[in-house]
Amino acid sequence: MFLFALASPLAAGEIDLRAPEEISELLTPYLPEAAGSQRKLQELLGEILATEGYFSPAFEFSERDGDLQVTITPGPRTRIGSVDLAVDGPLAAKTREELLAGWGLPVGQPFRQDDWSEAKQQVLARLLAVEHAAAQLLDSTAEIDTETERAALRAHYDAGPPYRFGELKISGLQRYTPDLVQRYNRTVLPGEPYQQDRLNALQATLQASPYFASVQASLDMDSEIGPDGTVTAPVLLRVRERAAHRVAFGAGISSNTGARVEANYHTPDLFNQAWEFDTGLRLEQKKQTAYADVFLPPDGKNRRNSVGLMAEGTDIQGLKTERYAFGAQTVQQRGSIEQRLSLNWQEERREPDGALATTSRALVPNVMWTWRRVDNPLDPHKGIVLQAQIGGGTKALLSDQNFIRLHSRWQQFIPLGQQNMLTLRGEIGYTLADSRQHIPQDYLFRTGGTGSVRGYAYQSLGIKEGNATVGGRYLGVVSAEATHWLNESWGIAGFVDAGDAVDDLQDIRLAVGYGVGARWRSPAGPIGVDLAYGQRTAEFQLHFSLAIPF
């Protein structure tokens, strides 16, 4: 057994590895070899301290209660005295300046072996990331002067020639053609300067598509230097296609619609045309859905077109509905804004408990814009998400009622230190029409439940028709939630929600709900479980959800 003590305290913040118990942990693998020799132990301790910049330590050995005690006097710490950073090759002046300015171990800093290694690697990584794909570290030295307590650092790099993207060379295709890959390629264009992040983006985009199980992207480093001193290197793509057919079964539970079971069939190659086909049946306590959708590959303007049909039955808050719908949609990313254009036709039969049944039909063109700027799409800590949409129907074109529907949502994530976060949320909606009659429920508004106003049952806030709750023409919801993360996985939250759905602005009386909840960071995003009290009903509701921004 070895005990360690420091003869003089180390300056706060200068060293983070030298706690005696951590020295013991570092030494554990070497104890059998060093146990019989104070000299070996002293050499080992000296090597460890040297990695932190202490090159002149003093050691004193003594025995206490049969144990060996080592008293260490670290001595003065070596600091950086000079830096000589040399980069050979045709390097742009701006890039050279950025490398020098961004050097990670400047003059005056304490010398640490880990920092020295990291600083050298950072320069090489920056060269490799932009244009200079063949860059290398030729040699490096760290000369330590123990008398002056200064370190002279020198690192010598060869940037190599500038690289440009060449043609795509794809291997591993069996069912699909190279044209399908080209449809997803918006970043790696022949003749453009090589950038590692563009190569990574192409790999990630293909990996996220429904067609490929794995994708590896790299440059052909055997390419020769051209007459202009640059290298045009083909891009090597190695792909493995996903299975042609997939059948899945699942079960779950939602605080909004109850327990569910579902079955799904999926193929990414319908009719051997690289059309993605997805169909399934989902049976929930309050909702039953059968659906089928076909998604086409992106076109030349990066639009993803799809068509689909659906049959749905619901029984929520005393309102039974049967709905049949068919629609077409195109999705396009326009800068930082996602745009969705759709045309949907639906026929709905609704039966409110205690009121007459009615049938409504509508053909609705709709456009929706979503703007996201968050630090993490699945688990945001900072950022904002905005969404707005407008749609409508007319009696002149297959609709039973003239109406225009406007709807917008806002969500803001505000960091309050490393462990705390404030989430603000708002939602407003308005259906411009003479009456809500003969407008399908999809184009009216109900609220309450997970994701809207907690403390109230799902879609329980709306217009009373007989004994049922139906949709109104106006919607307003606001929410504030504070989350404190106890560790990397678990957190607690407190929140206040308020909202209502009405048929006349004069009838708005915001229903308030508040409560507390638990948060768990799952691989798919934070999962929340909330216990909320509804002030209007004087009742508690349990809510659970996957808390991903819309």
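These numbers come from a predicted model, not from an experiment. Only heavy atoms go into these numbers, but all of them, side chains included; no hydrogens, no water, no symmetry mates.
- Side chain of Asp269 to backbone of Ala274: a donor-acceptor contact under 3.5 angstrom is found.
- By the 6.0 Å and 45° rule, Arg198 does not stack over the aromatic ring of Phe165.
- Judged purely by atom type and a 3.5 angstrom limit, Tyr443 has no side-chain atom pairing as donor or acceptor with the backbone of Gly391.
- For the side-chain contact (heavy atoms from CB on, under 4.5 Å) with Leu99, the lone residue among Lys94, Gln122, Arg126 that qualifies is Arg126.
- Looking at every heavy atom in both residues, Phe495 comes nearest to Leu531 through CZ-O, 4.1 Å.
- Nearest heavy-atom pair across Ile337 and Trp371 is CG1-CD1, 3.8 Å.
- Salt-bridge check for Arg260 with Glu284: failed, with every basic side-chain N at 4.0 Å or more from each acidic carboxylate O.
- Comment: Asp497 engages Arg454 in a salt bridge, judged by a side-chain N to carboxylate O separation of less than 4.0 angstrom.
- Under a 4.0 Å N-O distance rule, the pair Glu481/Arg519 qualifies as a salt bridge.
- A donor-acceptor pair under 3.5 Å links the side-chain atoms of Arg473 to the main chain of Asp503, judged by distance alone.
- Judged by distance alone, with hydrogens and angles left aside, the side-chain atoms of Arg303 form no donor-acceptor pair with the main-chain N or O of Gln332 at under 3.5 Å.
- Remark: the backbone N or O of Ser254 is not paired with any side-chain donor or acceptor of Thr257 at under 3.5 angstrom.
- Residue Asn376 comes nearest to Asp379 through the heavy atom pair OD1-N, 3.2 Å, listed as atom of the first residue, atom of the second, then distance.
- Between His245 and Tyr265, the angle of the ring planes stays under 30°, which puts this pair in the parallel group of the 30/60° scheme.
- Partners of Glu98 under the salt bridge (charged side-chain N to carboxylate O under 4.0 Å, His left out) rule, at least two apart in sequence or in another chain, do not exist in this structure.
- The side-chain heavy atoms of Leu206 and Leu237, taken from C-beta on, include a pair separated by under 4.5 Å.
- Checking side-chain atoms of Thr267 against main-chain N and O of Ala244 turns up a donor-acceptor pair under 3.5 Å.
- With His132 contributing its side chain and Gly160 its backbone, the two residues share a donor-acceptor pair below 3.5 Å.
- Ring-plane geometry between Phe212 and Tyr176 is classed as perpendicular, the angle between the planes exceeding 60 degrees on a 0 to 90 degree scale with a lower cut at 30.
- Of the possible donor and acceptor atoms, none in the side chain of Asn256 sits under 3.5 Å from a partner among the backbone N and O of Tyr458.
- At distances below 3.5 Å, not a single donor-acceptor pair connects side-chain atoms of Tyr194 with backbone N or O atoms of Thr232.
- A donor-acceptor contact shorter than 3.5 Å links the side chain of Arg304 to the backbone of Leu296.
- Here the OG1 atom belonging to Thr447 is positioned 5.5 Å from the CG atom belonging to Leu475, to the nearest 0.5 angstrom.
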